[in-house]
Amino acid sequence: MVKPHWETEELIENWTLLPTELELVSQKVGGNQIGFALLLKHFQLFAHFPDEKSSIPQIIISYLASQINIPENRISDFDWQGRSAKVYRVEIRRLFNFRVATVQDSVQMSEWLIQEILPNEQRLESLTELVYQRWRELQIEPPTPGRVERLVRSAITQYETSFCNRTLDRLSPEILAQLDILLTTEESPNPESTNKSCKLKTSDFAFLKTDPGPVGLGSFLTEMEKLKRIRSVGLPTDLFTLISPKLVQTYRQRAATETPYLLRQHPAAIRYTLIAAFCIQRSQEITDNLIELLIQIIQRIGTRAERRINKELIDDFKQVTGKNNLLFRIAEVAIEQPLGVIQKVIYPVVSQQTLRDLVKEYKSTGIAYRQRVYTVMRASFASHYRRMIPQLLEMLEFRSNNDIHHPIIIALELLKKYAQSQARYYAPGEEIPIDGILKSGWKDILLEKDPDGKERINRINYEISVLQALRERLCCKEIWVVGASRYRNPDEDLPTDFEEHRQIYYQALTLPENVETFISDLQQKMVSGLEKLDKGMPKNNEVTIIGKSQGLIRLRPFEPAPEPVNLKQLKGEINNLWHQTSLLDILKETDLRVGFTRNFKSLGTREIIDKETLQKRLLLCLYGLGTNTGLKRINTGINGENYQDLLYVRRRYIHKEQLRSAIAEVINAIFEIRLPEIWGEGTTTCASDSKHFGAWSQNLMTQYHLRYGGRGVMIYWHVEKKSTCIYSQLKTCSSSEVAAMIEGVLRHCTSMEVEKNYVDSHGQSEVAFAFTHLLGFQLMPRLKRIKTQKLYRPFTGQSDAYPHLQPIMTRPINWDLIRTQYDQMVKYATALRLGTAETEAILKRFSKNPFKHPTYQALMELGRVIKTIFLCQYLDSEAVRREVNEGLNVVERWNGVNDFIFYGKGGEFASNRLETQELSVLSLHLLQICLVYVNTLMIQSVLTQEHWEKKLSATDKRAITPLLFGHVNPYGTFKLDMNYRIAWLTQPYVA
């Protein structure tokens, strides 16, 4: 389908008739000239002919008519199905050396789909696009759209049948019996037994679908029970090894959305494939959850012990001043009266209370403090958490690719060997790994003497140390877990064919293969930036460097700008014209214009709800989720729907990927409808930041946030310069904002190409600077502690260079680090670009940790280079600083509108299910960009009137934002009338 909106440059590029084409058109008569021109250019652009005139936007007809100098209304004289049209199609095919598709071509296309495409892709729209692209490559005119759709659906069915039959053949009768037990429900109880144990089996499938609870031993043991239940099925670990994870995910989602009763209605091959895919992926998810719980439990043991001891010490702690003087006075009187009594000699000089305070101070620091903390940790672990050790070591297998961490693997085997033992100590001849496990300074605390007076390591003490060491390695993936997804072998995160397609991957990142070319370019930019900044510092009144040895940078803050008067008038006029416009009507109006609800497809094989009913129910569901009012709170009686109908649509049709597709479609529509004279040319910059939302706490996502002072989750937004959010994601309070920033830029799936990304201090790091440079976009942070930033020298032996920057200059860059690890850095950047693993999972390898991975060190060094280049630009140019500041103000405005829309339940995520939370975030995103879409139309409708033509200044236009909501009503009765349209958007506005 031809898109409805075309920019002038796009028309010129795609629909301009060349001289040879004009000559062909001139040979036709009257309206046939426009008809032939349309057929010719459409075929040239899309490799197939348009179905009818209605599929061609009027702007294209007008543009072609202007080139051949005839009225555009002459197109009505052209018969699209007439004899002349058929002759023209034959002529155009011959011109481009194409032929009509035959039945045999369709058969071959179906085979190509089954063998090459369907193992990796299952979405109908993507498959259809690939089929049309394939026809073009083969220079064959495709069949009609209806026949193409039937061909694709037939290929999907054939592939699914074959795939499911192959899967079924690999499952033994014992495995099939176990899968059947999983699907046993109360709707179909076991007729042979009605006892309690039998009823427990009826909830297995629902039990496996539940999310983990809050951090604690109970949640850990519950997740362990789920993993045991899945492993008891006995599925082959390599069942889907050669199958695309995307395809397995599709089958897993289909199984998760259906009840056990519906699953049992499928043919055997499909039924067992669905439940097997569910079990395989659910096993990976549960393993990841267990590792998350383990990491947080180990941290909790330590932090709670420290908090308890700190509270005790604060109550009676009094720091003693002048300790050296006191020591001198005690030594002096002791020498004078070596045989004196302490009470008579020492106490008159230093009081007894002062000595008590000295003892307390010593016990609150150093080894005494650590001893008290460890005593509390040991008591908590031994009496409560130690129960998880046997199951942990029985069910999870830990490995490492680095020999340095091999002692921890040996220590875990030792713990497993003694898991059921009641002995206090290990056997005398047992090899107990110490190096890399016990922290420095802790050995004296962990050792104790046995009845024979020999120093021995207590098993409980050793287990705590091993778990703490294990946690550190798991966090940076130096140790990984068999059967996990996020915590799997880090080598699997990298593209396996990198060496084979090295040149292609370098070209995709627009990076030179020669590392010397890469380094010389960076050195040149670094030298140029430093020289320019140094030269301009004497005249730079906005930036001051204080101090000589340890320099500090001081920036003059920007003065707040007043709101333009014309912008207030614009808001007032919009409020008068569209006062109290329903937010539900805004959502509906956007769908009627853009059609985003067509992205919501059932995960099943057929759909029985008619399109109009489905559209209405989808809009009500999305509104209930996006406002957080919930499906029950939507007044379904007025809309003729009930809660069960909406719940069915929510479960079967609304999923994360489909919501993202709908969001991308609305965003692209916003870009297409914008008038350049109001909004300017298309932007390539966006800002990203997070916002805190309260949330129920009985889950792994919710965490306490120190800055916001409460439990909740974070939503990370990417908002482009004109207030359209291109990506959103749900994250925990402690997860990396750097990973979220990179994820949004790489995965936004809109037509926008991001070249610059503004962030605050939390969204940047040296590693972030390195990866953004390798991925081809510029990171531009607003640094909170700008005063402490340092500039690196490009070369050694330049101690006297850049005299005006000397106080803030530091060591030279180690280019050899970058030189030796260049290929590895590009490999990791390629993994991020391709999405071979989650962004955060890849970046875990490069989080701050005491184990300096060589690639991590090189990324840090490269990041220092890029950060120095950026700081030179940032300090030298006020325009750059304003650009960053304005960009971050946009995302702050976006955050401000969140509370207006997401008002239900006090703006708190009232669910412990991760899927529900993610759908609420994406529905909020969809609602807010629908508001931006309609506001964009409203603003343009007003500003195109004569009395506004010369009223706006350049400053006014920069301040215009579609994030207006004074005229919007999100509350009240939610009545959806599909026949009602928002005024002035269907007809021209008359003042």
Side-chain angles (χ1 to χ4, degrees), residues 122-123 160 163-164 167 178-188 201-213 222-223 225-227 229-231 233 235 239-240 243-267 269-289 483-486 599-607 618 621 625 631 644 646-661 699-701 730 838 911-923:
Q122 292 276 307
R123 290 177 299 171
E160 181 178 86
F163 171 67
C164 293
T167 302
Q178 288 294 327
L179 292 176
D180 285 333
I181 293 174
L182 285 182
L183 296 181
T184 304
T185 66
E186 293 181 356
E187 299 169 3
S188 177
K201 291 182 180 180
T202 64
S203 60
D204 277 353
F205 187 69
F207 174 61
L208 293 178
K209 289 198 291 184
T210 57
D211 286 345
T222 301
E223 292 301 296
E225 285 301 316
K226 294 178 190 175
L227 188 60
R229 184 65 192 91
I230 291 177
R231 291 192 179 177
V233 174
L235 289 169
L239 184 62
F240 299 121
I243 306 300
S244 166
K246 260 172 50 173
L247 178 60
V248 180
Q249 175 71 11
T250 301
Y251 282 93
R252 178 245 193 274
Q253 286 182 336
R254 279 180 60 182
T257 57
E258 295 187 2
T259 63
Y261 172 79
L262 292 175
L263 283 169
R264 288 198 304 273
Q265 306 313 303
H266 291 296
I270 295 177
R271 176 171 73 251
Y272 292 123
T273 301
L274 289 174
I275 194 66
F278 172 83
C279 288
I280 291 289
Q281 286 216 336
R282 193 73 186 110
S283 173
Q284 295 175 350
E285 293 168 2
I286 292 171
T287 303
D288 285 334
N289 291 336
S485 176
R486 295 195 302 274
N599 290 281
F600 296 94
K601 305 289 185 183
S602 172
L603 289 177
T605 54
R606 61 192 181 97
E607 298 180 4
L618 282 169
C621 288
L625 291 169
L631 304 187
Q644 293 300 327
L646 297 185
L647 188 61
Y648 175 83
V649 169
R650 146 71 187 85
R651 287 175 175 171
R652 298 284 290 185
Y653 288 86
I654 301 179
H655 301 281
K656 186 167 69 172
E657 294 307 317
Q658 296 173 342
L659 259 169
R660 289 207 183 277
S661 298
N699 58 81
L700 285 183
M701 284 296 295
L730 183 71
E838 293 182 14
S911 174
N912 285 313
R913 296 195 65 222
L914 175 60
E915 181 193 17
T916 303
Q917 291 180 350
E918 288 181 329
L919 293 182
S920 295
V921 170
L922 293 170
S923 298

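All values derive from a computational prediction rather than experimental measurement.
- In this structure, CZ on Arg486 lies 6.0 Å from CD on Glu838, to the nearest 0.5 angstrom.
- Here the side chain of Gln284 pairs no donor or acceptor atom with the backbone of Ile280 at under 3.5 angstrom.
- Taking both residues in full, the closest heavy atoms of Cys164 and Ala269 are given as CB-O, 3.6 Å, listed atom of the first, atom of the second, then distance.
- Between Ala276 and Leu235, the shortest heavy-atom contact is O-CD1, 3.9 Å.
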**Item:** Residue pair Thr257, His655: steps toward the side-chain contact (heavy atoms from CB on, under 4.5 Å) verdict
**Value:** CA-CA 10 Å; Thr257 57; His655 301 281; 3.1 Å; yes
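- With rounding to the nearest 0.5 Å, the separation of NE2 in His266 from CD1 in Ile275 is 10.5 Å.
- Separation of atoms CD (Glu160) and OG1 (Thr167) is listed at 10.5 Å; rounding is to 0.5 Å.
- With ring centers used as reference points, Tyr251 lies 6.0 Å or more from Phe240.
- When all heavy atoms of Glu223 and Ile286 are compared, the pair lying nearest together is O-CG2, 3.4 Å.
- A salt bridge links Glu285 with Arg282: the distance from a Lys NZ or Arg NE/NH1/NH2 to an Asp or Glu carboxylate oxygen falls below 4.0 Å.
- Within a 6.0 Å sphere centred on NZ of Lys656, other residues, nucleotides and ligands contribute 12 heavy atoms or fewer.
- When side chains are defined from C-beta on, Arg271 counts as touching Asp180, because their heavy atoms get closer than 4.5 Å.
- Results of the side chain to side chain contact (heavy atoms under 4.5 Å, CB included) test with Ser602 over Gln658, Arg652, Arg254 single out Arg652 as the only residue that passes.
- A salt bridge is defined here as a Lys NZ or Arg NE, NH1 or NH2 lying under 4.0 Å from an Asp or Glu carboxylate O, and Glu258 with Arg651 fails to meet this definition.
- Considering only heavy atoms from C-beta on, Asn699 comes within 4.5 Å of Gln917 through its side chain.
- In this structure, the separation between CD on Gln178 and SG on Cys279 is 10.5 Å, given to the nearest 0.5 Å.
- Put simply, the side chain of Ile181 reaches to within 4.5 Å of the side chain of Arg229, judged on heavy atoms.
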**Item:** Criterion side-chain contact (heavy atoms from CB on, under 4.5 Å) on Leu182 and Phe278, from CA distance to verdict
**Value:** CA-CA 11 Å; Leu182 285 182; Phe278 172 83; over 6 Å; no
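- In this structure the side chain of Thr222 never reaches within 4.5 angstrom of the side chain of Pro212, judged on heavy atoms.
- A 4.5 Å side-chain heavy-atom check between Leu618 and Val649 finds at least one atom pair inside the cut-off.
- The shortest distance between side-chain heavy atoms of Leu700 and Leu914 does not fall below 4.5 Å.
- Side-chain contact between Thr250 and Glu657: absent, with no pair of heavy atoms (C-beta onward) separated by less than 4.5 Å.
- Panel note: side chain Arg650, backbone Cys621; no donor-acceptor pair is recorded below 3.5 Å.
- Within the 4.5 Å cutoff, the side chain of Leu659 has heavy atoms near those of the Phe600 side chain.
- In this structure, the separation between OH on Tyr653 and CG on Asn599 is 14.0 Å, given to the nearest 0.5 Å.
- Note: Asn912 CG to Thr210 OG1 = 11.5 Å, rounded to the nearest 0.5 Å.
- Taking both residues in full, the closest heavy atoms of Asp211 and Glu915 are given as OD2-N, 4.4 Å, listed atom of the first, atom of the second, then distance.
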